[in-house]
Amino acid sequence: MYSQTFKTLCRILAVACVVCVPSAMYAQDSAKAAKKAPATDSPSRWDIFLGYSYLAPKDTVQTLNPDGTTVGYSYQSVDWGGILSVARYFNNYVGVEAVGDVHTESQDPGPSNSKFNSNDDLSGGSLGLIFRYPTSDITPFVHALIGGERVGGPHFQPDKWGMALTAGGGVDYQTPWFNRHLSIRVFQADYQYMHVNFGPGVYGGRANINATRLSTGIVYHIGSIAPPPSVTLACSANPESVYPGEPVTVTATPGMLDPKLHAMYTFSGDGVTGNGTTATVNTADLAPGTYTVKCGVKEGKPGKEGLKPWQFAESSATYTVKAFEPPTVSCSADPSTIKPGETSTISASGVSPQNRPLTYSYSAASGTINGTGNSATFSSTGAPTGPVDVTCKVSDDKGQTASADATVTIEAPPPPPEPSPEQVRLEHRLALHSVFFPTARPSKARPEGGLLESQQTTLSTLATDFKSYVAIKPDAHLILTGHADPRGSVEFNQALSERRVNRVKQYLVEQGIPESSIETRAVGEDQQLTTEQVKSLVTENTELSESARQRILHNLRVIVLAQNRRVDITLSTTGQQSIQLYPFNAEDAATLLSKQAPVRKGKAGAARRHRKR
């Protein structure tokens, strides 16, 4: 028996060498050319083993023969057998295993040293725990099983089932020329204890079998222990640099999500509010600096997201809040040189680094400047000649300001040309006396009347000289201002002063002066000469003798009235006004002094007195 067992062991070792040695040599050669591929992506969930099994039982059963004698029957090794096992792993290392084996070798019993040998059948099944330690190419394992074994009895006793306990282990080898689902079980060595009671009586007895079981074969791997790919998350901020008040959008980009599960996102940070895969950061109240937003994603059934380690991920994004920068502005004038009274356009160009709204304002050292927005108009009216500083100022809504200057040069007017002797002479002659009218003249009925002969002589001389003067000063014109004494209503006196300036104008036009060269003004009883002013004029009149002056001052009230019934004449080019001295030496001076309107004869020959003024 033992020689047969030794032969069987040699057979198993030969099979192992045939299978393993070429595999090891192939793996060694392959490693020189490239990295050896891992056995599997991860340890398998199910392992199914199918292979050859050799069983070496050891026990002798004392049986009762029909003749009353006792004979010992011993078990022989079984060279031919098969084994099938299925292991299901809970994790990388621990699982449960079900094993079934069949060992059959029928032979006729025969005497051997006064004992009989008998092996009908040894087959059964067991269930228990298995423990493994997976590596990249080999996986050692141990297991402990409990089950039942169907054992053939001594002599011709029918097979019986009995209890079986198994403990052992082995090694699986993943070769590079197998795919990841297959590996070789180099060996599996088990110790089995079987207890079978064949019952009393003839050919009965009990067997307590201690057996060695050696196996080898192919392992098929199904499934994977590895958890699903872990959820990934990338978090980004856009833009990465802002000024206070500008929004930042934070985007969470997940990966490896299970579409069948619910995903929940979280955001945290200063001023962050999120919805779905995006969040917005309100930076209005943030001080300048760098900030971080944390992003998270969890998946799972609603209300149970993130319970497993691979079902959640976290990431973060950073952004920078920059300090507000003040605006800048440039200022220019076009034209930069102007003449007195002219204008220049002032242009301002403001820039805010953070695109804040800008407000423009302008100021000038002299003259006036008006405008809004980025353009204004500078007027030199009233400004002295020379350079004038113009300031353009810009401010943003954060109170930050900037200013720039431009210069407008006001050219001094060229000096007027020296007047010719003839111009000087004419301007001296044009300083004539004012024209005086009698009381209430000209009348409304006769607007062409009222101009006494002495006053006509004054105007004729004025017209002759002015026509010569216009040839030198074409833009010159005469300004006529009509007055009335305070007697009469305001309306009457206004109309009367208008008739007086119109009468003087009419006469000058008749003397050849263009109507366009005459300007008229009627002031009524406004701008009266006071008694003191008239008295001063009389006192300064060098044409009067002392006795005449005293007589006139004695009747000053009458003189004051007559002095205000006049038309003053002003030369526009020089601004000189006619002398307001009353013509006391004129032949018709008495008519001018009369408080009453002169009498004229009508067609009926009757005289009519005009109303007083």
Side-chain angles (χ1 to χ4, degrees), residues 229-259 261-300 302-303 305-306 309-332 346-363 371-376 390-406:
S230 296
V231 173
T232 63
L233 184 67
C235 195
S236 62
N238 184 38
E240 295 181 350
S241 181
V242 295
Y243 292 99
E246 296 178 345
V248 175
T249 299
V250 179
T251 302
T253 305
M256 308 306 292
L257 288 179
D258 187 341
L261 300 178
H262 177 256
M264 183 174 64
Y265 297 87
T266 59
F267 298 90
S268 63
D270 295 325
V272 177
T273 55
N275 183 15
T277 59
T278 60
T280 301
V281 184
N282 182 359
T283 63
D285 298 327
L286 299 184
T290 299
Y291 294 85
T292 300
V293 177
K294 293 183 178 180
C295 313
V297 62
K298 299 179 181 179
E299 72 170 1
E305 297 86 356
W310 59 84
Q311 290 183 327
F312 65 87
E314 294 180 342
S315 183
S316 63
T318 60
Y319 63 93
T320 301
V321 178
K322 299 183 292 186
F324 276 119
E325 299 177 20
T328 59
V329 66
S330 60
C331 191
S332 62
I346 308 301
S347 298
S349 179
V351 176
S352 170
Q354 52 272 6
N355 296 320
R356 308 301 305 179
L358 299 177
T359 302
Y360 293 83
S361 60
Y362 302 87
S363 62
T372 58
N374 57 2
S375 180
V390 177
T391 300
C392 305
K393 184 177 180 181
V394 66
S395 59
D396 61 20
D397 59 346
K398 299 297 180 180
Q400 300 185 105
T401 63
S403 62
D405 294 327

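The model shown is predicted, which means the values in this text are computed figures rather than measured ones.
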Chemist: Quick one: does any side-chain atom of Glu314 pair with a main-chain N or O of Lys294 as donor and acceptor, under 3.5 Å?
Modeler: no
Chemist: For the OG1 atom of Thr266 and the NZ atom of Lys298, what is their distance to the nearest 0.5 Å?
Modeler: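 Here the interatomic distance stands at 6.5 Å.
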Chemist: Specify the closest pair of heavy atoms between Val329 and Ala404, including all atoms of both residues, with the distance to one decimal.
Modeler: O-CB, 3.5 Å
Chemist: For Pro239 versus Val242, what's the shortest heavy-atom pair and its separation?
Modeler: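 Heavy atoms only, the tightest pair is CG-CG1, 3.3 Å.
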Chemist: Quick one: ring-ring contact (aromatic ring centres under 6.0 Å, His included) partners of Tyr319, sequence neighbours excluded?
Modeler: Tyr291
Chemist: Got a second to check how far Thr283's OG1 is from Asp270's CG, nearest 0.5 Å?
Modeler: 11.0 Å
Chemist: What distance do Phe267 atom CZ and Thr277 atom OG1 have between them, rounded to the nearest 0.5 Å?
Modeler: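 Here the rounded value is 6.5 Å.
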Chemist: Shortest non-hydrogen contact from Thr328 to Ala402?
Modeler: CA-CB, 4.1 Å
Chemist: Would you check if Cys331 and Ile346 make a side-chain contact, meaning some heavy-atom pair closer than 4.5 Å?
Modeler: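 Answer yes - side chains close enough.
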Chemist: Report the residues that fulfil side-chain contact (heavy atoms from CB on, under 4.5 Å) with Thr292, sequence neighbours left out, ordered by chain and then residue number.
Modeler: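 Per chain and number, Thr292 pairs via side-chain contact (heavy atoms from CB on, under 4.5 Å) with Ser316, Thr318.
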Chemist: Considering non-hydrogen atoms only, spot the tightest contact between Tyr265 and Leu257 and give its length.
Modeler: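 Answer, listing the atom of Tyr265 first, then Leu257: OH-CD1, 3.7 Å.
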Chemist: If you take all heavy atoms of Ser403 and Thr391, which pair is closest and at what distance?
Modeler: CB-CG2, 4.2 Å
Chemist: Report, as yes or no, whether the 6.0 Å neighbourhood of atom NZ on Lys398 holds more than 12 heavy atoms from other residues, nucleotides or ligands.
Modeler: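 Atom NZ in Lys398 is packed in, count exceeds 12.
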Chemist: Sorted by first residue and then second, give each side-chain hydrogen bond (donor to acceptor under 3.5 Å, both in side chains) pair with at least one member in residues 230-250; sequence neighbours left out.
Modeler: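 Qualifying pairs, neighbours excluded: Tyr243-Glu325.
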Chemist: Counting only N and O atoms by type, is there a donor-acceptor contact under 3.5 Å from the side chain of Glu305 to the main-chain atoms of Gly303?
Modeler: yes
Chemist: Which distance, rounded to the nearest 0.5 Å, do you find between the OG of Ser330 and the CG of Asp405?
Modeler: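 Atom-to-atom, Ser330:OG and Asp405:CG are 12.0 Å apart.
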Chemist: For residues Val250 and Cys235, report the shortest heavy-atom separation together with the two atoms involved.
Modeler: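 Heavy atoms of Val250 and Cys235 come nearest at CG1-SG, 3.5 Å.
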Chemist: Is the number of heavy atoms from other residues, nucleotides or ligands under 6.0 Å of Lys393 NZ greater than 12?
Modeler: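 Count not over threshold, so no.
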